Amino acid sequence: MKANLVQNEPASLKRWAGVGVYKRLRNERAGKPRFVFHDGPPYANGSIHLGHLMNKCLKDFVVRTKSMQGLDVPYTPGWDCHGLPIEHKVMLEMQEKGKATKLATLSDDQRKVVVRRECQAYAEKYVKLHKEQMTRLLTLADYENPYLTMQPAYEGATLEVLATLLERGLVYRQLKPVHWSPANETALADAELEYEDREDPSVYVDFEAADAGAVYDAFGYTAENTESTEEEEGEDTAASDATASSAFKSKAPKPGTRPLQRPCFMIWTTTPWTLCANLAIAVNPKFEYALVWIDGNVTVLAADAVARVTAKAKSEDVVVLARATGDRLLGLRYKHPFVEGVPVFPKEAGGDPATCYKVVGADYVTLEDGTGLVHTAPGHGAEDYQTGLREKIPVYCPVKENGAYDDSVPAWLRGMNIWEANKSVVKHLRDSGHMFFDHVFTHSYPHDWRSKTPVIFRCTEQWFVDVTRGLVDFGDSNKFNRAESQVSVGGPTRVLNAGLTVKDFALRSIDEVKFVPEWGRNRMRGMLESRPDWCISRQRAWGLPIPAFFLPTGEVVMTPASARAVSRVFREQGSDAWFTKDAAELLKHYDPAKDEALTPSLRLSIASSLASLRKGNDILDVWFESGSSWYSCMKERGQAFTKADHSDAIDLYLEGSDQHRGWFQLSLLPALGVIGRPPFKTLLTHGFMVDRDGKKLSKSRPDAHRYEVDSLCTEFGMDVMRWWVSSLAYENDVKVDVELFGLAGESYRKVRNTLRFMLSNLADFSPSCDGSEGHCVPTNQFPPTSLDAWVLREFDALRDTVVRAYNAFDYQTAHKALFDFCNTTLSAEYLAAVKDRLYCDKEDSQRRRRTQTTLWDLTDGLCRLLAPIMCHTADEAFRALLKCAPDDMKSCVHLEEFPSPTGVHAHVGWNALFEAAKAAQIELERAKSRGIENPLDAGVTLPLADALRDFDTPDGRVELADLLGVSRANFDASVKSVVIQDLRDQPRCERSWKRDGTVKQRTDGGMLTDRDAAAVGVA
RNA sequence: GGGCUCGUAGCUCAGUUGGCUAGAGCGCACCCCUGAUAAGGGUGAGGUCAGCAGUUCGACUCUGCUCGGGCCCA
């Protein structure tokens, strides 16, 4: 057994490939209870990094530990292949290669097909690279048969999930503001956003009231108290100021006097470009608002915002004239600062144009920022949109896909890019006197994670999964486990048909899921509570098309049956068919005449001409694809999800804690919609890698190359890295540093050296218990007071600890127990004690063979317990133990199971003996100052406690002497504490170096103890 | 700004329902061994338990705030 992991690990890999470990395990475990673990698909790009390494090693620990408990543990690795990151990269590459211009000459479908071919090749390349790298991590998985989200069968299955959700009425299409990337011209998922600081204009804008009188009425003025024109010069107010002996003369009208000015509503925004889509101002009905005189203007502001806003603008003459609660302001109308009349809204905007430009109520209005009056553009904000729906305000979005205005805006803005428009709008507002105050404002703002450009809220027609509104209903013609769904959802404790939204359902269902660590439950609950409907459509080429068709009239057709029909085509031909086939071919398995989801008129018009249908341009959010993997991968491969008690759900998902919002949640939602239950039983999360200062790992760190998988394998060996991963408190952040790998290497070597020492002492030993063939001493013949019985009892305890820790996914505890056992129990205690008998007892003596039997059991057991973690080293040691020839393909520790307890009985006095030995050790240390530096120069006498009486035999005294490393030991009831004898004047055995009192000159002239003389056969 | 989470010796971590002088391993220092030797054994020195305040007879443990990280959001 050699140390060189760098050379030998690849040899192990080759051997395992030859053995076909994964396949053989499947065969041998067939029919055993299953443990089903489902791999979350990493994205198929880049090289795998430390984050992958920890994730994949932890997963491998699960697979191997469960497998070594005799369970059947199938494990299918997967990759997430579609999506913007690959498409983005491919587009850049095509541009660099000058293919972009050629692309532009193609039709839309042709262009997408070309791009998709490139994307597929790209994804395949990285899947292959990842497979190789993950294999190099020594992980055990069905790498020959992985799941890829771009496989035709996977694509078809994913559309079946969509079809079932359609059946449940949980999918809808609607104009709605979504995060939109103008740079990539697509809607973005929450997960595709990054928040970065950005500078924007912060503007306080005055919107003139349409009816001044109504505003003054709202603030309690009466018409009689209107300020007279003469008074405007301020004679009265000047007088009152004088009486107040103020140096400053406010020009504000005196209290109760109604000013002549037309009042304004002051709003605040950091997106001036959205002002042309402003259709309402929102106030909080509960807040107090003030009518304020500010340097000659009369403005409405939240009372609590007056000081802050006017101080910021350095206003001089600020007087609160009157106050009113927000509900008094509702319905007041205003004039848009630069849009004349009402814009011409497109049909799909809906709403009633007559509702525009008035003050509405909204409880999300706060006083932390701004003026307490919120600029509301239903086409450009989530909350604005909700308010708009309630108030029947049109959903108006004058911004095109590319971030430029359309023609519905004032002429001076038409065609302008919105970021440019920010400046123009600010200038326009200043010039027209509507700008109260503006400044540059730095805030955290969402950016497109690929292009790193800012995103906007933009209203577009998108597909949604209904999480928050429609009720889950399993009473319909569900094609998938219909009966079982009803069983599982209709029971007395789980009333799912009684008006639960998917979100409510999700919140309830996570109570049935086990979370490791437990706080994951709260975290996920919090995330679910704030979850909006799920926008599942994207406007790109590289993805799974949403099988929607449009009639020439603009009506959309996507029914459960039509989606299933397309699904069949995708299963047969892959989703490229969407771009290469026409509607009639894609719907060849579809009979609209029999589709009850269609209205009778639609049934007729579609049946008459399938060819007139236009294919939709949307693809699915990649999260929908990976979130369907419980079905598209696991159901496809035999996971049933049919038992009412959920015992056939997937046992475990294990990912980083970011997946509470990502894959875990987005797997839960479709599964609840389709099968009415979570797809998983346990969710286990790990933390993230941070640097030695606890900061986020930077990809640009100067020593980044040392953290690449290849160089880690070369520098440390994978078994060391795996040993390191097993040592981590992975549920929290994990500090990473090359130095730490070095330390893991040190402790790895300790374990390896222990195994190596034991193996080297088994060279002349055959394990068979058949007296003629092998040398085993049956363990039931072990004296309870022997070191061998003691160490096997310790090993049984270790086995329990380790297996229990493995079952709890607590690899750190297993790691620590294994290390402590090798380092302390074996290396410092047992092995140090039995060295003498291994070296000096007669080769075939009962005592030596008994110890070798023990060594064999220990080595075998340790190899098995270590196998899930250091899978190369354990297998190498295991094969060395069995004295396997290099070409032996049969023996492999990874086909074995954990050891059974040895059940050896050890004397109850061992603990007391160790206590006594500890005291002796201290005395021996003290004796060094008296010149007894080598323990073999010492003898020890221990007080004879009752618990130790059974050890007071010739054999027992030798066990004690060997444990202490001294030449002789004995017990004496008459001494109170440890006594050390100086034996330096006694003869020393030249073979065993012991001064045990039997040393004398033998017939061959050598100085030997009785034992050694017998061993070499002299008298 | 919000939700969840972490902060114990130089390093990695334990510390059970609040209760003896806060533990382990590594590393370090010193010593032994030289038949596990690019090994092995022994001994020892290291901590205002992030900070502040509170509850309590008693707080590393409970509560609040502050500081510094992480993930996910806004």
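Keep in mind the model is a prediction, meaning the values are calculated, not measured. Throughout, protein chains are lettered first and strands after them, A, B, ... in sequence-line order, and every chain is numbered starting at 1.
Residues passing the salt bridge (charged side-chain N to carboxylate O under 4.0 Å, His left out) test with A/Glu199, sequence neighbours excluded: none. Evaluation of the salt bridge (charged side-chain N to carboxylate O under 4.0 Å, His left out) rule for A/Arg968 yields no partner, not counting sequence neighbours. Taking the salt bridge (charged side-chain N to carboxylate O under 4.0 Å, His left out) definition, one finds that A/Asp764 meets it with A/Arg848, A/Arg849, sequence neighbours left out. Listed by chain and number, the residues in a salt bridge (charged side-chain N to carboxylate O under 4.0 Å, His left out) with A/Lys928 are A/Glu925 (sequence neighbours excluded). In this structure, the side-chain contact (heavy atoms from CB on, under 4.5 Å) partners of A/Leu507, at least two apart in sequence or on a different chain, are A/Lys503, A/Arg525, A/Leu528, A/Glu529. Listed by chain and residue number, A/Met54, A/Phe61, A/Leu654, A/His686, A/Val725, A/Tyr730, A/Tyr811 satisfy the side-chain contact (heavy atoms from CB on, under 4.5 Å) test with A/Leu58 (two or more places apart in sequence, or in another chain). With sequence neighbours left out, A/Asp1012 forms a side-chain contact (heavy atoms from CB on, under 4.5 Å) with A/Cys840, A/Cys989, A/Arg991, A/Ser992, A/Leu1008, A/Thr1009.
Protein atom NE2 of A/His179 is 9 Å distant from nucleotide atom C1' of B/A74, rounded to whole Å. Protein atom CG of A/Leu831 is 11 Å distant from nucleotide atom P of B/G40, rounded to whole Å.
Nearest-nucleotide positions on RNA chain B place A/Asn522 closer to the 5' end than the other of A/Asn522 and A/Lys695.
The nucleotide B/G44 finds its pairing partner in B/C28, both defining distances of the Watson-Crick or G-U wobble pair being shorter than 3.5 Å. Across the strands present, B/C62 finds its partner in B/G54; the criterion is a Watson-Crick or G-U wobble pair with both atom distances under 3.5 angstrom. As the counterpart of B/C4, B/G70 is assigned, both hydrogen-bonding distances of the Watson-Crick or G-U wobble pattern falling under 3.5 Å.
In the set B/G41, B/A36, B/C71, the nucleotide with an atom closest to the side chain of A/Phe757 is B/A36. Considering only side-chain atoms of A/Glu933, the nucleotide from B/C32, B/G41, B/G70 that sits closest is B/C32.
Ion pair A/Asp982/A/Arg930 not flagged as a salt bridge, since none of the NZ, NE, NH1 or NH2 atoms sits closer than 4.0 Å to an Asp/Glu carboxylate oxygen.
Using a 4.0 Å heavy-atom cutoff across all strands shown, A/Arg991 reaches at least one base atom of the nucleic acid. Looking at heavy-atom distances under 4.0 Å, A/Ser760 makes no contact with the nucleic acid at all. Across all strands shown, A/Ser827 has heavy atoms under 4.0 Å from base atoms, whether or not it also approaches the sugar-phosphate. The residue A/Ala832 sits apart from the nucleic acid: no heavy atom pair falls under 4.0 Å. Residue A/Cys822 is out of contact with every strand shown, counting any heavy-atom pair closer than 4.0 Å. Using a 4.0 Å heavy-atom criterion, one finds that A/Asp693 contacts no nucleic acid atom at all.
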Counting primed atoms, P, OP1 and OP2 as sugar-phosphate and everything else as base, the B/S/- map of nucleotides 6-16 of chain B against protein heavy atoms under 4.0 Å is S----SSS---
Quick one: which protein N/O atoms are closer than 3.5 Å to N/O atoms of nucleotides 37-39 of chain B? Pair and distance per line, please.
none

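Checked against the 6.0 Å centroid threshold, A/Trp724 and A/Phe716 do not count as a close aromatic pair.
Base orientation of B/G70: anti, the glycosidic angle falling outside 90° of 0.
For A/Ser657 and B/U5, the shortest distance from a side-chain N or O to OP1 or OP2 is not below 4.0 Å. Regarding contacts with the backbone of B/A36, a side-chain N or O of A/Tyr839 is found under 4.0 angstrom from either OP1 or OP2.
Between the side chain of A/Arg523 and the base of B/C71 there is at least one donor-acceptor pair of N/O atoms closer than 3.5 Å.
A/His380 and A/Thr271 share no donor-acceptor pair across their side chains, judged by distance under 3.5 Å alone.
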